[in-house]
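Any value given below was found using the heavy atoms of this structure, including those in side chains, with hydrogens, waters and symmetry copies removed. This chain uses plain numbering: 1 for the first residue, then up along the sequence.
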Amino acid sequence: NAVDDAWDFKRQEPYTPDNYREALEIKLTAIQNDLNQRFGKFPALYANNMKSKVYYPGHGEVKKLLEPTNIKPRPLDGFSVESFAGSFAAKAAKRDENGPKYIGPNAWRDNVKMVMDAAQAGAAALPMIANAGVKSELLEKAGPIRDKFELFAYASYLMAVEANGKRCSASRPSTKKAASDMPSSAPYIRWRSASHWKAANRTMSTDTGRKGTRAI
């Protein structure tokens, strides 16, 4: 379970996933405190990329980066979940002109369960329907598959959060707004228009009132 190419000089051995995350917590605290001392304000820090395989205890437990701990009193302001519903190929030559590739069933289940856990904790997890960064623009050119892909991503997201006054994983834990008050930002989907979002919301409205969505 060692972290590839990462040496723990304190323990004189390769980092384990949990020890590596602990080192990141120490680093984050140092950055936060340094900037606060110099400018009188804490920085807004966001990270990329939260994955289910390193989310849980014994495998890295990166969920702790979104929680106050003894090592790190101030959590990250946000942690992206790239390719929540699918992704585009890394190389242009391999990209499907018809759009992104849907995520596999096992990875989809793992992603939804991870966001469920983050949502119940009020953690600032930020699901992104596909790759982040420069490849995001490819979604604009996805063609006929775009609507289906966005609705699939949004439906998956709604399975993981609760709208009845519960805190939404796409918001800071301190927010007083319910998930239902933040429809456009919740899944971090760039809706093309208000009517586009309303149409998607009508399609998925039966999911928004579900409670107890803690396991699949």
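When all heavy atoms of F152 and A85 are compared, the closest pair comes out as CE2-O, 3.6 Å. Taking both residues in full, the closest heavy atoms of T29 and K72 are given as OG1-CA, 3.2 Å, listed atom of the first, atom of the second, then distance. For Y15 against A23, the heavy-atom pair with the smallest separation is OH-CB, 3.7 Å. The shortest non-hydrogen separation linking L76 to A47 is CD1-CB, 3.6 Å. Shortest non-hydrogen contact noted between V115 and A160 is CG1-CB, 3.7 Å. Between G78 and L66 the shortest heavy-atom distance is C-CD2, 4.3 Å.
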* Going through the distances and angles, do R21 and K64 end up as a side-chain contact (heavy atoms from CB on, under 4.5 Å)? -> CA-CA 8 Å; R21 182 261 310 148; K64 282 187 173 292; 3.6 Å; yes
* Please assess M116 against Q120 for the test side-chain contact (heavy atoms from CB on, under 4.5 Å), listing each intermediate value before the final yes or no. => CA-CA 6 Å; M116 281 181 179; Q120 291 299 316; 5.6 Å; no
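Separation of the F79 and Y46 ring centroids does not fall under the 6.0 Å cut-off.
Remark: Y56 pairs with no residue by the ring pair (Phe, Tyr, Trp, His ring centres under 6.0 Å) rule, at least two apart or across chains. Applying the side chain to side chain donor-acceptor pair (under 3.5 Å) criterion to K63, with sequence neighbours excluded, gives D117. Checked against side chain to side chain contact (heavy atoms under 4.5 Å, CB included), N49 has the following partners two or more places apart in sequence or in another chain: K51, S80, E82. Listed by chain and residue number, E22, E25, I26, T69 satisfy the side chain to side chain contact (heavy atoms under 4.5 Å, CB included) test with I71 (two or more places apart in sequence, or in another chain). Applying the side chain to side chain contact (heavy atoms under 4.5 Å, CB included) rule to D110 yields the partners S52; only residues at least two apart in sequence or on another chain are considered. For A30, the side chain to side chain contact (heavy atoms under 4.5 Å, CB included) test picks out no residue, with sequence neighbours left out.
Annotation: side chain of I145 is in contact with side chain of P100 (closest heavy-atom distance under 4.5 Å). No side-chain heavy atom of E61 sits under 4.5 Å from any side-chain heavy atom of Y55. You'll find the side chain of I103 stays beyond 4.5 Å of the side chain of S87, heavy atoms only. No side-chain heavy atom of F42 sits under 4.5 Å from any side-chain heavy atom of D77. Looking only at side-chain heavy atoms (C-beta outward), P73 and P68 stay at 4.5 Å or farther from each other. Side-chain contact check for V81 versus L126: every heavy-atom pair is 4.5 Å or farther apart.
Of the possible polar contacts, none joining the D8 side chain to the E13 backbone as a donor-acceptor pair under 3.5 Å is found. In this structure, the side chain of N131 engages the main chain of F88 through a donor-acceptor pair within 3.5 Å. The backbone N or O of R74 sits less than 3.5 Å from a side-chain atom of Q32, completing a donor-acceptor pair. At least one donor-acceptor pair closer than 3.5 Å links the side chain of Q12 to the backbone N or O of F9.
In terms of hydrophobic clustering, with Ile, Leu, Val, Met, Phe, Trp and Tyr side chains grouped at heavy-atom distances under 4.5 Å, V62 and I31 are assigned to a common cluster. Hydrophobic clustering (side-chain heavy atoms under 4.5 Å, transitive across Ile, Leu, Val, Met, Phe, Trp, Tyr) groups L35 together with L45.
To the nearest 0.5 Å, the span separating CD1 on I129 from CD on E150 amounts to 5.0 Å. A distance of 8.5 Å separates CZ in F84 from CH2 in W108, rounded to the nearest 0.5 Å.
For the side chain to side chain contact (heavy atoms under 4.5 Å, CB included) criterion with N111, the lone passing option out of R109, K113, M114 is M114.
A parallel orientation is assigned to the rings of Y154 and Y157, their planes being inclined by less than 30° (bins at 30° and 60°).
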